[in-house]
Protein chains: 2
Amino acid sequence: MACLEEIVKEKFKKYLKEKGLRYTRQREDILRKILETKGHFEIEDIVLDFKKHNLDVSRSTVYRTLNILKELGIVNEVIKFKNKTLYEVALKEHHDHLVCEKCGKIIEFHSEEIEELQNNICKDYNFKPTFHRLEIYGICEDCQKKNER
Amino acid sequence: MACLEEIVKEKFKKYLKEKGLRYTRQREDILRKILETKGHFEIEDIVLDFKKHNLDVSRSTVYRTLNILKELGIVNEVIKFKNKTLYEVALKEHHDHLVCEKCGKIIEFHSEEIEELQNNICKDYNFKPTFHRLEIYGICEDCQKKNER
DNA sequence: GTAGATGCAAAAGATTTGCAGCCTA
DNA sequence: TAGGCTGCAAATCTTTTGCATCTAC
């Protein structure tokens with residue numbers, strides 16, 4: 001088992017214990033699943049994957065657990081597009097997204113300068129940030145080319 | 001009638017004509033209403049306000065028209081928080097938002113530097129941006145103080 | 001043993017859509 | 001006049017919730 005997974009698992013367990021909550025089989029399954037997931041995922045992906053592998057975890061439980069993991073800062077809702085919510089594990093270096101409105105492609109980017117400017121703004125307002133979401137919508141290179149043809 | 005309103009109205013009419021669509025009483029009412037609105041608004045605000053003033057515009061029509069106005073870039077979905085969508089007229093100087101997770105307060109800010117950095121990133125990826133959304137979630141000054149007590 | 005968790009089905013919201021009648025161009 | 005528009009109700013989709021049952025601690 002990867003080290004990262006262990007660390008997060010312990011963090012989750014510790015948080016649950018502190019709050020008097022329980023570490024159940026379902027919560028373990030959900031945590032493992034999202035840690036396996038590369039990049040973005042939707043709730044529905046998780047639910048269907050459990051179904052596919054005959055793992056008994058209900059949709060409600062996935063929602064309930066994701067809400068805890070959001071609170072804990074282990075996952076973030078990074079994209080809200082067309083009534084869909086895309087989540088991401090918040091462990092790797094944080095990044096933001098370019099979303100193509102034509103094909104739905106998502107390009108990740110990271111800008112340390114933007115992060116810093118955001119922090120400065122928060123300081124100006126005495127605002128204590130927990131997370132942020134920067135989505136730039138538009139047309140990707142490929143779709144622009146398709147239009148030219 | 002303010003000049004700004006006229007300009008937007010003409011833009012809307014022109015767009016509708018180009019697409020073979022019609023400029024109806026309801027579309028006029030909706031456009032007027034959102035131009036009157038200061039700051040953010042929800043669909044529900046608009047619907048209720050029409051009800052209050054005995055103006056006949058159905059919820060469906062508000063949704064349908066807002067979708068056209070989004071396409072046109074006259075309004076943007078600027079905040080997606082707790083399954084609510086907040087819209088904003090995209091005419092004034094663009095700004096971004098700090099959203100307090102405790103009390104829901106929304107603080108607007110504008111940073112020309114962040115805008116520029118975003119534009120640079122789009123250039124790097126040959127991405128043609130139409131709009132963006134930057135939400136910073138966290139705890140506002142007031143709510144931090146309340147917690148200290 | 002007990003408080004908390006789960007699964008299910010139902011509910012709640014937000015948004016979209018099918019359709020019959022209406023209206024703009 | 002015709003094709004687009006509207007209002008209504010129904011349908012969808014996402015997310016939450018009430019409750020009886022189950023389970024971690």
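In what follows, every chain begins at residue 1, and chains take the letters A, B, ... in the order their sequences are listed. Hydrogens, waters and symmetry mates are skipped; everything else that's a heavy atom, side chains included, is used.
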Worksheet item: Partners of A:Glu108 by side chain to side chain contact (heavy atoms under 4.5 Å, CB included), sequence neighbours excluded?
Response: A:His40, A:Glu88, A:His95, A:His97
Worksheet item: Hey, does the side chain of A:Gln144 reach the backbone of B:Asn126 with a donor-acceptor pair shorter than 3.5 angstrom?
Response: yes
Discussion item. Looking at B:His94, is its backbone amide N or carbonyl O close enough to the side chain of B:His110 to form a donor-acceptor pair, meaning the two atoms are under 3.5 Å apart?
Written reply: yes
Item to complete: Give the rounded distance in Å between these two atoms: CZ of A:Phe50 and P of C:dT6.
Response: 11 Å
Worksheet entry | Whichever of B:Tyr23 and B:Glu42 has its nearest DNA chain C nucleotide further upstream toward 5' | B:Glu42
Practice prompt. Specify whether A:Tyr137 and A:Phe81 have parallel, tilted or perpendicular ring planes, treating 30° as the upper limit for parallel and 60° as the lower limit for perpendicular.
Written response: tilted
Response to the item:
Assign each of A:Gly20 and B:Lys17 the nucleotide of DNA chain C bearing its closest heavy atom; nearer the 5' end lies the nucleotide of A:Gly20
Item to complete: Report yes or no: does A:Arg133 contribute a side-chain atom to a donor-acceptor pair with the main-chain N or O of B:Leu134 at less than 3.5 Å?
Response: no
Item to complete: Applying side chain to side chain contact (heavy atoms under 4.5 Å, CB included) between B:Val57 and each of B:Val62, B:Ile46, B:Val47, report the one that passes.
Response: B:Val62
Worksheet item: Would you say A:Gln26 reaches D:dT23's phosphate, i.e. side-chain N/O to OP1/OP2 under 4.0 Å?
Response: no
Worksheet entry | Strand contacts (DNA chain C) in residues 57-77 of chain B, 4.0 angstrom heavy-atom criterion | B:Arg59, B:Ser60, B:Tyr63, B:Arg64, B:Asn67
Discussion item. What is the separation between atom CZ on B:Arg27 and atom C1' on C:dA25, rounded to the nearest whole Å?
Written reply: 13 Å
Discussion item. Expressed as a whole number of angstroms, how long is the span from A:Ile43:CD1 to D:dT16:C1'?
Written reply: 12 Å
Fill in: Nucleotide C:dA5, atom P - distance to NZ of A:Lys19 in whole Å
12 Å
Worksheet item: When rounded to the nearest 0.5 angstrom, what is the spacing between NE2 in A:His53 and NZ in A:Lys33?
Response: 5.5 Å
Worksheet item: For B:Glu42, does its backbone N or O pair with a side-chain atom of B:Asp45 as donor and acceptor, under 3.5 Å?
Response: yes
Practice prompt. Using whole Å, report how far CG of B:Leu16 lies from P of C:dC23.
Written response: 19 Å
Discussion item. Distance check needed: D:dT16 C1' versus A:Glu44 CD, whole Å only.
Written reply: 15 Å
Discussion item. Rounded to whole Å, please give me the gap between NZ in A:Lys13 and C1' in C:dA5.
Written reply: 17 Å
Worksheet item: Given C:dT6, D:dT6, D:dA2, which nucleotide is nearest the side-chain atoms of B:Arg22?
Response: D:dA2
Practice prompt. Evaluate the ring planes of A:Phe41 and A:Tyr87, with Trp represented by its six-membered ring, and classify them as parallel (under 30°), tilted (30 to 60°) or perpendicular (over 60°).
Written response: parallel
Fill in: Nucleotide C:dT24, atom C1' - distance to CZ of B:Arg25 in whole Å
13 Å
Practice prompt. Go through residues 81-88 of chain A and report each residue with a non-hydrogen atom lying under 4.0 Å from DNA chain C, sorted by number.
Written response: A:Asn83
